[in-house]
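The shown structure was predicted, so the numbers you read here are calculated from the model rather than taken from an experiment. Each ligand, and each atom within it, is numbered from 1 in the order the structure gives.
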Amino acid sequence: VRPSGFGLSPEQAHLVLRLSRGDRVALARVLTLIERDRALIEPLDAALSRFAGNAYAVGVTGAPGAGKSTLVGALLADRLRRNQRTAVLALDPVSPFSQGAILGDRMRMESVAGDARLFVRSLGARSARGGLSLVAPFAARALDAAGWPMILIETVGVGQTELDIVDAALTSVVVLTPGMGDEVQAIKAGLMEVGDVFVVNKADCDGAEIVRRDVERITSAGPRGWRPPVLSTVALEGRGIGELWEAIDAHRAHLEETGAITERRQGMSALALRSLVEDQLRERLAATIGSRRWAHWVDGVTSGEGEIGVVAEKILKCLLAEAGEPAPAEVKR
Ligand SMILES: Nc1nc2c(ncn2[C@@H]2O[C@H](COP(=O)(O)OP(=O)(O)OP(=O)(O)O)[C@@H](O)[C@H]2O)c(=O)[nH]1
Ligand SMILES: [Mg+2]
């Protein structure tokens, strides 16, 4: 029985409705459901999608400690000054923060706590099965459906998963800092390929200009003619933030004018889709491991009766054939 028509309980369907009307408590609860309950992601997204489609998401990625949160706080403060509404999603932050904490000294706590123009949320996606790349696109969709026109997504850019989730944003800002071999590190981490705008933060520290010039030297125009600008900021003091917004706006305009925004949106859908499929395959495999037929397959490989590649192929076929059907009732060993 699917009372809501989306596979949600009536309460959950009502929650989505409240969210779409701007209810912050409902939004927070939906984000928690997305973070914690994998099974609810698909029905929630189906219900949310009819309210979504108007938000613009900007990713802020960089090494731990690069100043991403400080930068996001400065970007937020700038939007507040212009009376623009902004949501922040911090994915898997080393230190989770609240709305007050992210703005730090920039604004007195009491002036931002409960400010209706801001919504800040960190998601510790490590606990969720499927991880960051599964949670990110759907959490962004929830913020979109809740009517937030601008979503800033902070992610630590260290591994492949983190690089994948830059697809959850339309414009990716890569944050670098002056330091030994920073440029080399960024190249190694694959950050150079994903940046639409590069920022050398901590420009008050030695060597910032060298890094900026080095990075500028290796950025080049992509197929659509966008050459990522390389900016300097001192996030702590709010320096260079106006220029950063200008660069983000220019990239957005570029995407819209060239039609490349469609490709970016496809990238977002692809990320969401791929994460779901991966998660389901992983889930089915996990359900199979420990079953009687699994033991049979393992025995076959061990005895040399079955070639491992052939058996693996067979298992994959079995997993795929189970699509949409309840798991076979097998006796677990
Ligand atoms: N000197 C200087 N320090 C900065 C600047 N921006 C940030 N910091 C400092 O750098 C440290 C890390 O800043 P965060 O904003 O927490 O960095 P982060 O990239 O969000 O870090 P994680 O989320 O832990 O990966 C803090 O001590 C900041 O005060 C800057 O422009 N100049
Ligand atoms: Mg941070």
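Here CZ of Arg252 is found 10.5 Å from CD1 of Ile248. Values are rounded to the nearest 0.5 Å.
The residue Glu237 has no part lying near ligand 1, judged by heavy-atom distances below 4.0 Å.
No side-chain heavy atom of Phe198 sits less than 4.5 Å from a side-chain heavy atom of Val211.
Heavy-atom separations between Arg239 and ligand 1 are all 4.0 Å or longer. Residue contacts with ligand 1: Ala66 is included, with a non-hydrogen atom under 4.0 Å away.
Considering each of Thr70, Val200, Thr233, the one bringing a non-hydrogen atom nearest atom 15 (O) of ligand 1 is Thr70.
The atom name of the N/O/S atom in Glu154 closest to the Mg ion (ligand 2) is OE2.
The shortest N or O to N or O distance between Leu71 and ligand 1 is not below 3.5 Å. Taking only nitrogen or oxygen atoms, main chain and side chain alike, Cys205 does not reach within less than 3.5 Å of ligand 1.
Put simply, the side chain of Arg18 never gets that close to the backbone of Arg24: no donor and acceptor are under 3.5 Å apart. Formation of a donor-acceptor pair under 3.5 Å by the Trp226 side chain with backbone atoms of His254 is not found in this model.
The cationic atom of Arg292 (NZ for Lys, CZ for Arg) does not lie both less than 6.0 Å from the six-membered ring centre of Trp297 and within 45° of the ring axis.
Residue contact check: Pro64 has heavy atoms under 4.0 Å from atoms 25 (O) of ligand 1. Remark: ligand 1 atoms within the under-4.0 Å shell around heavy atoms of Val234 are 31 (O). Every atom of ligand 1 is numbered from 1 in the order shown, and the set under 4.0 Å from a heavy atom of Ser69 is 15 (O), 18 (P), 20 (O). Annotation for ligand 1: atoms under 4.0 Å from non-hydrogen atoms of Asn201 are 5 (C), 6 (N), 7 (C), 31 (O).
In summary, the side chains of Arg264 and Ser172 do not present any donor paired with an acceptor at a separation below 3.5 Å, with no hydrogens or angles considered. A donor-acceptor contact under 3.5 angstrom links the side chains of Thr233 and Asn201, judged on distance only.
The Mg ion (ligand 2) does not have Thr70 among its coordinating residues (no N/O/S atom, backbone or side chain, under 2.8 Å).
The side chain to side chain contact (heavy atoms under 4.5 Å, CB included) with Asp37 is formed by just one residue from the set Leu40, Ile41, Ile34; it is Leu40.
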